[in-house]
Amino acid sequence: MTLQEKIADLRTRALETLPKIADEKTLNDFRISVLGKKGELTDILKGMKDLSNEERPKLGALANEFRDEITGLLECKKSEIEAAIIAKKLENETLDVTLPGKKVAKGNRHILTQTTEEIEDIFLGMGYQIVDGYEVETDYYNFERMNLPKDHPARDMQDTFYITSDILLRTHTSPVQARTMDAHDFTKGPLKMISPGRVYRRDTDDATHSHQFHQIEGLVVDNNIAMSDLKGTLDTLVKKMFGAERKIRLRPSYFPFTEPSVEADISCFKCGGKGCNVCKMTGWIEVLGAGMVHPNVLEMAGIDSTKYSGFAFGLGQERIAMLRYGINDIRGFYLGDTRMSEQFK
Ligand code: PHE
């Protein structure tokens, strides 16, 4: 074979092999074996020294042509392989936007919180301030300032958890009455507040009793506050919460810190007053305790009971939520079972 023929032969083989190469490593090995320092072309060109002066440049030109051709093809092949790699990668990373997404579990506020906020909104609309009290209270504020001296028999109804003989878990939100009266500056206007919060009693838990529950205290103190103000306020509350058709009924009751004291009933929102299982056939549902602030309670706060008067009320969020949503076990509020809370989204 002449050198020309050898180059032609190498070209034929190269053109045959190239299209079959599919990865960079093989391509590189191929380049080295054909065009490399120790490759076949170099080997062929070693024979140049035996050529005549005329033929040598011709073979040189042929070799260059061959080198350029193969180099060009190698470049193309390289881009082809790279493009294939990218295409493969893209294919593997494809997002199927039609696949259903992962659901993010979304929580919701506890039904007692929702009830509390709803009542807060109603009273904010009537110009009340919302006050926080202490769950850990003193005997003084929880009982004595509420006109329940040490040996008062009504203390029996509100036994609680004692931390010391003077510090206890509050049995009602009423101590906030005394605390806000102490702090209020009456030259700046009337005292109108509600105070929601948790309260405690020494009770054995069952479907209708819980050793902890929630109350909202309400208090208004000003000149000339009368029973009619209390009734009008409660009327507004129940109509906003239970519907415009609801009526309110006050029954005489007893609390040491109010005089007179009442229990407030609303006309049954389920049967409208005819009698059903919710109202126990009476047509009325008891929702809260209330009354005119006892003069002793005003005086203990340094308020002149001959010039000022007030009304107070206390309602329980659990009871309201149980009535409204037909919840029949108070313990459901505290067990943290999401099947309970999810119903009130
Ligand atoms: N503190 C009373 C209770 O827990 C409720 C109440 C509050 C009654 C204010 C009258 C006035 O039962």
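Each ligand, and each atom within it, is numbered from 1 in the order the structure gives. For the numbers below, each heavy atom of this structure counts, side chains included, while hydrogens, waters and symmetry mates do not.
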Task: is_close_aromatic(H172, F257), centroid dist under 6.0 Å - done: yes

- [ ] Before signing off on this row, confirm whether H172 and ligand 1 have an N or O atom pair separated by under 3.5 Å.
- [x] yes

Open item on the list: Would R170 pass as a cation-pi partner of Y141, given that its NZ or CZ must be under 6.0 Å from the six-membered ring centre and within 45 degrees of the axis?
Closed with: no

TODO: Return a yes/no value for Q215: is any of its N or O atoms, backbone included, closer than 3.5 angstrom to an N or O of ligand 1?
DONE: yes

Open item on the list: Suppose we measure from atom 2 (C) of ligand 1 to each protein heavy atom; which comes out shortest, and what is that distance?
Closed with: F257 CZ, 3.7 Å

TODO: Please check if I111 and I119 belong to a single hydrophobic cluster, counting links between Ile, Leu, Val, Met, Phe, Trp and Tyr side chain heavy atoms closer than 4.5 Å.
DONE: no

Open item on the list: As an exercise, identify every atom of ligand 1 less than 4.0 angstrom from a heavy atom of Q177.
Closed with: 9 (C)

- [ ] Compute the shortest N/O to N/O distance between S174 and ligand 1 and return yes if it is under 3.5 Å, no if not.
- [x] yes

Task: Smallest separation among heavy atoms of K77 and P19, with atom names - done: NZ-O, 3.3 Å

Task: Per-atom contacts of ligand 1 with G289, taking only distances under 4.0 Å to non-hydrogen atoms - done: 6 (C), 8 (C), 10 (C)

- [ ] Enter the distance from S33:OG to R13:CZ here, rounded to the nearest 0.5 Å.
- [x] 9.0 Å

Open item on the list: Parallel, tilted or perpendicular, judged at 30° and 60°: which one describes the rings of F333 and H110?
Closed with: tilted

TODO: Could you tell me which atoms of ligand 1, counted from 1 in the order shown, lie closer than 4.0 angstrom to a heavy atom of F313?
DONE: 7 (C), 9 (C), 11 (C)

Task: atom 5 (C) of ligand 1 - nearest protein heavy atom and its distance - done: G314 CA, 4.1 Å

Task: Atoms of ligand 1, numbered as shown, that sit under 4.0 Å from any heavy atom of R201 - done: 3 (C), 4 (O), 12 (O)

TODO: Kindly determine whether Y128 and F313 satisfy ring pair (Phe, Tyr, Trp, His ring centres under 6.0 Å), including the steps that lead there.
DONE: CA-CA 13 Å; Y128 284 61; F313 58 87; 7.2 Å; no

